[in-house]
Amino acid sequence: MARREVALAGGAMSALTKLRALDSFELVRCVVEEALRDAGIPRGEVRSLAVTPPGLAGHSTAMFVSRLAAYLGLPLRSLACLENGGTSGALALRWAMHEVRSGRCPVAVAAGADQRLDTRAEPGETVEAFIDRNVHTTVAVYGPYDGPYGLGAPIPYYAMSAQRYMAETGATPTDLAWAAVRLREHAQGHERAMFRGRTLTVEEVLASEMVCPPLHLADCSQFVSGAAAVVVVAPEVARALNRPPVWLRGLGEYHHPSSFSAGAVDLASFPSVREAAREAYADAGVGPRDLDVAEVYGVFSSTELILCEDLGLFPRGRSGAAFREGRASRGGEVVVDPSGGRLSLGHPACATPLLETLEVLLQLQGRAGARQVPGARLGLVHAEHGMLNGSMVSIWERDA
Amino acid sequence: MKDLVDGAMARAMEFQADGGSGEFYRRLAEGRFQSTRCLCCGRTAFPPRPFCPGCGAGEVEWADLPRRGRLHAFTQQGRALRFLRPEVLGLVELEGVGLVLSRIDAPFEALSLGQELEVAFLPVGGGVVLHQFRPV
């Protein structure tokens, strides 16, 4: 796609908090307003708003976006709420880009928000209702074949993925630990990272609680509440702005016909990632060697390793060594997750793809401060849903 | 408490049923570990469906799944919202079918990848019977 049809003009993120800090309407309003200020575009110019539901496992969020638009007081020509698990934020962005490219909406905003599921009983909720709600949520997410086996979180799936990856490639627990340690180092440069100011060593990862073998607690990301938004604009708007726009260069997307383990064929390398990346690279006319920066949806240390390989950044089984040698950090071939990634920035699932996009935007505009990748020109964003059953990849570039 | 969880699970499985899961669990409760096989291309699907996800044909029959399989991956839920307290979860590879998530009825430390396992039945209350696998 070297046609420059759509660009990112600006973006913003909220603070990331363990529990919800704001109601969902204020949370989204704040990031939308801040993203527009960042882009230098008055709110009255927004024609399209695409959002995610404010979390996947909470209460009914039917008609959320309708109430949100009324709350914002914005008359719009396009309004949508999009959901597909972890790709939801990328899907909102995809819709915003469609609306801009259609010619109807020169300015669109894509926003994602996630409010951490409160697994405690609510005020006045009976024990029966509490159990019913949680059991139904589990079976709804994991389906009637896996749900009844007592999964409380996706961690066992990823633990089995990590086990297969290690068995097939010879990767070690230390390789996994390095994935977590280097993300913690990156997060020290991000003023809003959940784990800023808290260092982590390989020894500490390996000594942390074994949650689901071989995954320790420090191999897992933390679900948090938070939101992010980006402003998507047409070329004539992009060229009139004060900052160099960041152009969409290529897209890829692939959904393998599986959901978590149901229908899965490979746990150690994911067809959805390989296929979405292949399409995106071909669309952009670039290869993995050309990238300066990438943000990937690695929610576990083992997934970080696998994703880097499925995206073609490092050879099979070699990500651990690359991480240890600093080849995916500043000064290396490609900087993967300069934001601190899911493990150390924090993971508000519905907002995560937009957090990743925001990081690539800041990097390509040279505005990433202490974590800036010098001279970054080309960046990749990856998002996934299920256990990597589906993936979306986008490639972005700044003007030369 | 256990009765409440069992009842909620039975209702959730019914509410979240797809075109194959109701019949799958009815057969499991009768001691039959079965899924659907396409009458056109012969492919056995898991999870079961009233059509063939491979060739799209609408004619399928219920057929026995292999009773034995190999342990493709396994882990242990040390800390989770556990309804049935399965200590060990695994993905069992059934030849010609694919991967099936199940409870593994053995200590985590005693298991190894590729190990041969055999299916058994696990009544969990509320009229629901699940499958589980044991080392041969």
Side-chain angles (χ1 to χ4, degrees), chain A residues 57 117 119-120 126-168 209-217 220 257-268 387, chain B residues 1 3-18 20-22 24-25 35 45-48 53-54 71-91 98-104 108-109 112-114 122 124 126 128-132:
Chain A
L117 171 65
T119 49
R120 295 168 303 182
T126 63
V127 175
E128 287 85 347
F130 170 72
I131 290 174
D132 221 53
R133 178 165 63 87
N134 281 283
V135 170
H136 271 84
T137 300
T138 301
V139 179
V141 172
Y142 303 112
Y145 302 98
D146 292 7
Y149 288 87
L151 295 149
I155 304 173
Y157 292 117
Y158 287 92
M160 291 191 281
S161 162
Q163 183 191 41
R164 287 303 310 182
Y165 174 73
M166 293 163 80
E168 291 178 26
E209 182 190 345
M210 185 68 91
V211 182
C212 285
L215 295 180
H216 293 83
L217 187 60
C220 307
S258 57
S259 178
F260 291 104
S261 76
V265 293
D266 196 345
L267 308 180
M387 179 179 56
Chain B
M1 180 69 96
D3 287 349
L4 289 177
V5 174
D6 288 342
M9 185 60 78
R11 285 193 299 280
M13 288 166 71
E14 196 160 324
F15 190 72
Q16 294 293 338
D18 63 20
S21 64
F24 176 77
Y25 284 107
S35 192
F46 187 87
L71 188 57
H72 183 75
F74 59 99
T75 188
Q76 184 161 250
Q77 281 202 109
R79 193 177 69 176
L81 188 64
R82 291 185 299 182
F83 304 118
L84 302 166
R85 300 192 175 276
E87 292 305 318
V88 181
L89 287 172
L91 284 165
L99 301 175
V100 176
L101 181 89
S102 192
R103 177 179 191 264
I104 307 298
F108 179 82
E109 294 73 20
S112 55
L113 292 179
L122 176 67
V124 290
V128 174
V129 174
L130 304 178
H131 48 77
Q132 60 179 340

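The model shown is predicted, which means the values in this text are computed figures rather than measured ones. We name chains A, B, ... by the order of the sequence lines, and we start the count at 1 in each one.
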Are any side-chain N or O atoms of B:Thr75 and backbone N or O atoms of A:Ala159, one a donor and one an acceptor, separated by less than 3.5 Å? no
Highest number of heavy-atom pairs under 4.5 Å with chain B: which of A:Val139, A:Val127, A:Leu267? A:Val139
At a 4.5 Å cut-off on heavy atoms, which part of B:Phe15 comes close to chain A: side chain, backbone, both, or neither? side chain
Top contributor to chain A contacts, counting heavy-atom pairs under 4.5 Å, from B:Gly90, B:Pro53, B:Pro48, B:Ala45: B:Pro48
Counting heavy-atom pairs closer than 4.5 Å to chain A, which one of B:Glu14, B:Arg11, B:His72 comes out on top? B:His72
Would you say B:Gln77's side chain and A:Gly150's backbone share a donor-acceptor pair under 3.5 angstrom? yes
Using side-chain contact (heavy atoms from CB on, under 4.5 Å), reason through B:His131 and A:Tyr145 one step at a time and then give a plain yes or no. CA-CA 10 Å; B:His131 48 77; A:Tyr145 302 98; over 6 Å; no
Engaged part of B:Leu113 at the chain A interface, taking heavy atoms whose separation is under 4.5 Å: side chain
Who are the ring-ring contact (aromatic ring centres under 6.0 Å, His included) partners of A:His216, not counting sequence neighbours? none
Kindly write out the residues that satisfy ring-ring contact (aromatic ring centres under 6.0 Å, His included) with A:Tyr142, not counting sequence neighbours, or none if the list is empty. A:Tyr157, A:Phe260
